[in-house]
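Remarks on the structure that follows.
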There are 2 protein chains.
Amino acid sequence: MNAHNDILKKSGLSVTESRKKILELFFDSDGALAHADIEKNTDAAFDRVTVYRTLQTFVEKGIIHQIPTTDNSILYALCKHNCQQGHHHDNHVHFICNKCDKTFCLDDVTVPEVKLPQGFSPAQAAMVVTGLCEECKL
Amino acid sequence: MNAHNDILKKSGLSVTESRKKILELFFDSDGALAHADIEKNTDAAFDRVTVYRTLQTFVEKGIIHQIPTTDNSILYALCKHNCQQGHHHDNHVHFICNKCDKTFCLDDVTVPEVKLPQGFSPAQAAMVVTGLCEECKL
DNA sequence: TTAAAACTTGCAACAATAGTGCAAAAATAT
DNA sequence: ATATTTTTGCACTATTGTTGCAAGTTTTAA
């Protein structure tokens with residue numbers, strides 16, 4: 001009985017091969033993952049549809065969160081802080097490297113509050129910074 | 001000779017029906033537009049491919065910019081401030097309404113600076129706030 | 001421990017979205 | 001006005017995401 005299984009159980013999910021493997025992938029990766037990355041890293045052991053559904057489920061259960069991008073893809077990353085079902089707290093800044101295209105969750109950098117114009121009622125804020133990462137800057 | 005044509009010429013682009021019309025659409029719209037919105041609003045007068053290419057070209061030339069979303073779509077909006085080719089300055093916050101799904105460019109709300117961890121070299125920052133807009137809040 | 005119930009998966013089909021090569025058409029330059 | 005350059009539209013292909021349903025797996029509870 002390992003920690004990953006516990007996460008699944010706590011979320012009320014059945015413990016299956018695909019879920020275990022995909023969750024493991026997220027823990028092994030330091031950055032964020034796109035659907036395509038997951039298919040690649042599982043050697044297509046699971047159906048494309050299963051991957052889609054697993055990701056959806058994980059988002060719903062607050063295990064992972066989505067990261068907005070401008071390139072018509074969705075990136076997913078582990079929710080490291082206390083996310084609950086239906087209520088995410090992924091209020092950290094994301095960094096995407098222009099050179100290696102890796103995405104980093106800057107867990108220690110929180111998204112700053114901004115004052116919105118009259119009438120706008122905020123629920124969630126996301127921030128994505130692009131540039132060069134440590135590796136690529138050298 | 002109108003202002004829109006000048007924008008195209010200044011960017012070194014031929015002045016064509018599709019470009020004029022699509023640029024006009026952006027000026028007439030207060031929010032951001034997705035590819036689909038543009039096709040709808042032009043009554044499919046232009047080929048889908050033409051719309052794709054026009055948007056790409058406009059982004060390259062710094063006429064419009066892309067807005068990141070978490071729903072696997074790209075939104076585009078006019079660069080109101082001094083954007084140049086290859087170097088965007090769309091440093092304002094975007095607001096997406098959860099109810100009506102409209103996107104607003106909050107031109108007066110600039111993206112705040114954040115301190116990044118050692119090693120990260122920022123080039124651009126984007127911020128998207130979701131919630132309820134003026135209309136939908138009522 | 002096993003059988004029933006509940007849930008998850010994979011397949012097939014479908015739908016929507018995006019990209020490419022190339023000939024025809026339009027815009028620009030001479 | 002015509003040659004050159006650029007842009008467009010079509011046909012085709014690729015990628016990405018969704019749905020229904022039967023078969024398979026996991027969980028529950030006797």
Side-chain angles (χ1 to χ4, degrees), chain A residues 1-2 4-25 32-61 63-64 66-76 85 101 103, chain B residues 1-2 4-25 32-61 63-64 66-76 85 101 103:
Chain A
M1 180 66 55
N2 67 42
H4 298 175
N5 292 13
D6 284 354
I7 292 174
L8 294 173
K9 288 206 175 150
K10 263 182 206 148
S11 303
L13 296 172
S14 304
V15 177
T16 65
E17 279 309 306
S18 47
R19 285 174 182 165
K20 276 193 285 184
K21 180 67 190 170
I22 291 173
L23 193 52
E24 205 181 298
L25 265 183
L33 298 172
H35 175 97
D37 297 322
I38 291 162
E39 283 205 273
K40 221 173 288 164
N41 284 295
T42 51
D43 291 317
F46 311 110
D47 194 86
R48 211 161 43 84
V49 178
T50 301
V51 177
Y52 278 118
R53 289 198 272 227
T54 303
L55 290 172
Q56 273 171 20
T57 307
F58 283 5
V59 170
E60 276 163 26
K61 298 296 181 182
I63 298 171
I64 59 176
Q66 298 177 311
I67 303 171
T69 66
T70 48
D71 72 339
N72 226 58
S73 73
I74 309 179
L75 289 173
Y76 301 86
Q85 179 160 352
D101 277 330
T103 299
Chain B
M1 181 64 55
N2 67 46
H4 298 175
N5 292 15
D6 284 354
I7 292 174
L8 295 173
K9 288 207 174 151
K10 262 180 206 151
S11 302
L13 297 172
S14 304
V15 178
T16 65
E17 279 309 305
S18 46
R19 287 175 181 164
K20 275 193 285 182
K21 179 69 189 170
I22 291 172
L23 193 52
E24 205 181 298
L25 266 183
L33 298 172
H35 176 97
D37 297 322
I38 291 162
E39 282 206 272
K40 222 173 288 163
N41 284 294
T42 51
D43 293 315
F46 310 110
D47 194 84
R48 211 165 39 82
V49 179
T50 301
V51 176
Y52 280 118
R53 290 199 271 227
T54 303
L55 289 173
Q56 273 171 20
T57 307
F58 282 6
V59 170
E60 276 163 27
K61 297 297 181 181
I63 298 171
I64 59 176
Q66 298 176 310
I67 303 171
T69 66
T70 47
D71 72 339
N72 226 54
S73 71
I74 310 179
L75 289 173
Y76 301 86
Q85 179 160 354
D101 277 332
T103 299

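A, B, ... follow the sequence lines: proteins, then strands. Residue 1 opens every chain. Only a predicted model underlies this, so the values are computations on that prediction, with no experimental measurement involved.
Taken from CG in D37(B) to CG in L25(B), the straight-line distance is 9.0 Å, to the nearest 0.5 Å. One finds the CZ atom of R19(A) at 4.5 Å from the CG atom of L13(A) (value rounded to the nearest 0.5 Å).
The footprint of chain A on DNA chain D, defined by a heavy-atom cutoff below 4.0 Å, extends from dT16(D) to dT27(D).
The stretch residues 41-53 of chain B touches DNA chain C through R48(B), V49(B), Y52(B), R53(B), each having a heavy atom under 4.0 angstrom from the strand.
Put simply, CG on L13(A) is 6 Å from P on dT8(C), counting in whole angstrom units. Between I74(A) atom CD1 and dA16(C) atom P the separation is 18 Å, expressed in whole Å. With rounding to whole Å, K9(B) atom NZ is found 10 Å from dA27(C) atom C1'. Between the CZ atom of F58(A) and the P atom of dT8(C) there is a distance of 11 Å, rounded to whole Å.
Considering only heavy atoms from C-beta on, F58(A) comes within 4.5 Å of L23(A) through its side chain. Looking at heavy atoms from C-beta onward, K61(A) lies out of side-chain contact with K10(A) at the 4.5 angstrom threshold. Within the 4.5 Å cutoff, the side chain of I63(A) has heavy atoms near those of the S11(A) side chain. Looking at heavy atoms from C-beta onward, E39(A) lies out of side-chain contact with F46(A) at the 4.5 angstrom threshold. Side-chain contact check for Y76(A) versus I67(A): every heavy-atom pair is 4.5 Å or farther apart.
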- Item | Stepwise side-chain contact (heavy atoms from CB on, under 4.5 Å) test for I38(B) and L55(B) | CA-CA 10 Å; I38(B) 291 162; L55(B) 289 173; 3.6 Å; yes
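Q56(B) comes within 4.0 angstrom of sugar-phosphate atoms only, judged by non-hydrogen atoms across all strands, and of no base.
Sequence order on DNA chain C of the closest nucleotides to T16(B) and A36(B) puts A36(B) first from the 5' end.
Listed pair S18(A) / dT9(C) meets the phosphate criterion, a side-chain N or O lying under 4.0 Å from OP1 or OP2.
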